[in-house]
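First comes the structure, then the notes that go with it.
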Amino acid sequence: MEMAGAFKFSRIPEIHFGTGSSEKAVSLAVRFGERMLLVTGKSSFSNSKRGKRLLYDLDAAGIKYDIISVSGEPVTTFIDKSASVFREQPPDVIVAAGGGSVVDAGKALSAIIPVPGKTSDYLEGNPVRTAHPGTRLPFIALPTTAGTGSEVTKNAVLSAPGAPAHKSSLRHDNFAPDIAVVDPVLAAGCPPDITAASGLDALTQLLEAFTSTTASGMTDALAFSGLERGFGSIRKAVEDGGDLSARSDMAYAAMLSGIALANAGLGAVHGFASVLGGYYKIPHGVICGTLLGAVTRANISKLKGSDGSSICLKKYSAAGRLICKKENKSDDYYIMSLCDELEKLIMELDIPRLGRYGITRDDAGKLAMETGIKNNPVNLDKDELKAILVSRL
Ligand SMILES: [Fe+2]
């Protein structure tokens with residue numbers, strides 16, 4: 001066995017995980033003060049039983065709160081407008097209860113309210129970017145979907161207005177929330193298509209972090225544990241939303257995917273997602289889900305044909321063994337099982353192909369030209385990237 005390699009691991013939030021943990025949200029928030037900004041989705045959370053309970057607990061605790069509701073993926077101008085309302089008198093704490101977009105909006109507000117200027121000044125990809133000082137308001141995340149893992153990451157994905165929309169991250173080591181309250185019950189009402197897409201986002205993040213060129217022993221352990229739970233429970237969570245054991249496994253997988261990606265990076269599937277997500281209105285989880293099988297197959301076939309690939313192929317084999325649940329088979333068997341099982345899963349979960357969103361063969365060529373492969377375990381050239389897109393039209 002090789003010696004443990006060097007790595008850097010960023011700070012993660014205090015985590016309260018488990019069924020019923022959201023009941024502690026108000027008592028956790030009062031640690032920071034008595035003025036709260038609550039960020040939610042359009043209506044689902046504040047109308048849900050748990051949401052109403054949270055509002056009741058806030059009133060009972062004498063907490064003054066404002067509510068901002070976010071619809072769709074957050075746009076920088078929305079963050080600017082919302083932040084300007086609170087600059088004079090910032091809240092003591094921001095609590096975001098919702099899906100990945102809501103948590104990202106809350107995270108962005110916690111970072112933008114205390115600093116001058118516009119959100120876009122601090123965004124990655126801005127050639128004249130101002131370095132963010134890292135100061136932010138206290139922030140608590142309560143995810144209601146199991147997918148992005150944003151409750152534990154240090155970046156918020158935002159869209160800049162305009163067409164094509166351009167997605168960029170607001171990122172700083174300090175931006176990870178202070179507290180993540182991960183209550184699987186909050187996802188119980190999440191519909192099957194969103195459960196499937198966000199679950200596949202989590203699985204993609206886990207597999208990409210696991211096989212990333214910048215993975216460490218520590219991120220491997222977390223990613224593997226998440227894959228074990230996620231592969232085992234994604235079908236059950238989609239088939240029966242009320243299955244709390246499956247919901248817990250998916251919430252766990254998603255949370256670990258966030259920690260793993262923040263510290264190990266991602267691969268070509270997410271490279272595609274940042275480009276496609278800008279041009280087309282396709283949910284992030286659908287892009288990941290629809291491309292995961294094809295990218296994994298392309299990575300494996302390229303790794304098999306090149307040298308020095310054994311560690312990564314071993315990882316794909318370990319993941320294949322988890323997903324096929326068979327013992328005493330060869331690495332090759334497990335590696336091919338991984339590809340087959342992922343493709344089967346994506347079909348069974350009814351993840352749409354890219355053609356459904358109007359993407360054509362010509363578009364595939366242009367999109368491939370713009371795609372970067374992040375920390376993918378092997379290089380994929382533009383022709384190979386185009387072939388992956390074409391195979392999923
Ligand atoms: Fe993702």
Side-chain angles (χ1 to χ4, degrees), residues 72-74 98-105 107-108 124 141 143-159 165-171 175-176 180 182 187 190 193-212 214-215 219 222-223 226-227 229-231 234 250-296 299 319 342 345-346 349 351-352 354 371-376 388 392:
E73 297 182 351
S101 300
V102 171
V103 174
D104 277 354
K107 196 185 287 176
E124 282 182 357
T144 60
T145 57
T148 66
S150 178
E151 67 274 15
V152 287
T153 66
K154 54 193 176 188
N155 68 305
V157 180
L158 303 172
S159 299
H166 184 74
K167 285 193 184 182
S168 299
S169 271
L170 195 62
R171 190 189 312 265
F175 292 170
V182 184
C190 182
D193 58 334
I194 296 177
T195 303
S198 40
L200 282 169
D201 181 23
L203 291 181
T204 305
Q205 291 171 175
L206 288 163
L207 193 59
E208 292 204 314
F210 190 47
T211 56
S212 157
T214 42
T219 55
L222 296 169
L227 284 170
R229 298 268 167 192
F231 281 152
I234 187 167
M250 292 315 295
Y252 176 84
M255 182 181 79
L256 264 60
S257 80
I259 302 174
L261 82 84
N263 290 286
L266 293 164
V269 179
H270 276 81
F272 279 125
S274 41
V275 176
L276 269 67
Y279 284 103
Y280 302 91
K281 249 187 150 23
I282 315 176
H284 174 76
V286 169
I287 302 177
C288 292
T290 207
L291 294 173
L292 178 60
V295 169
T296 303
N299 283 348
L342 285 175
L345 178 66
I346 290 154
L349 295 182
I351 299 300
L354 295 170
T371 297
I373 58 166
K374 299 188 182 269
N375 303 321
N376 205 56
I388 289 169
R392 294 300 301 166

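Order of appearance sets the numbers: ligands from 1, and atoms from 1 within every ligand. Position 1 is the first residue of the sequence; numbering continues from there.
- Side-chain atoms of D104 and S150 include a donor-acceptor pair closer than 3.5 Å.
- Side-chain polar atoms of H270 and N376 form no donor-acceptor pair below 3.5 angstrom.
- The Fe ion (ligand 1) lies at the vertex of an angle of 90° between the NE2 atom of H284 and the OD1 atom of D201 (rounded to 10°).
- Inter-residue side-chain proximity for V269 and E208 is flagged as met; some heavy-atom pair is nearer than 4.5 Å.
- The Fe ion (ligand 1) does not have T148 among its coordinating residues (no N/O/S atom, backbone or side chain, under 2.8 Å).
- A donor-acceptor distance shorter than 3.5 angstrom exists from the side chain of K107 to the backbone of T153, with no hydrogens or angles considered.
- For residue H270, an N/O/S atom approaches the Fe ion (ligand 1) to within less than 2.8 Å.
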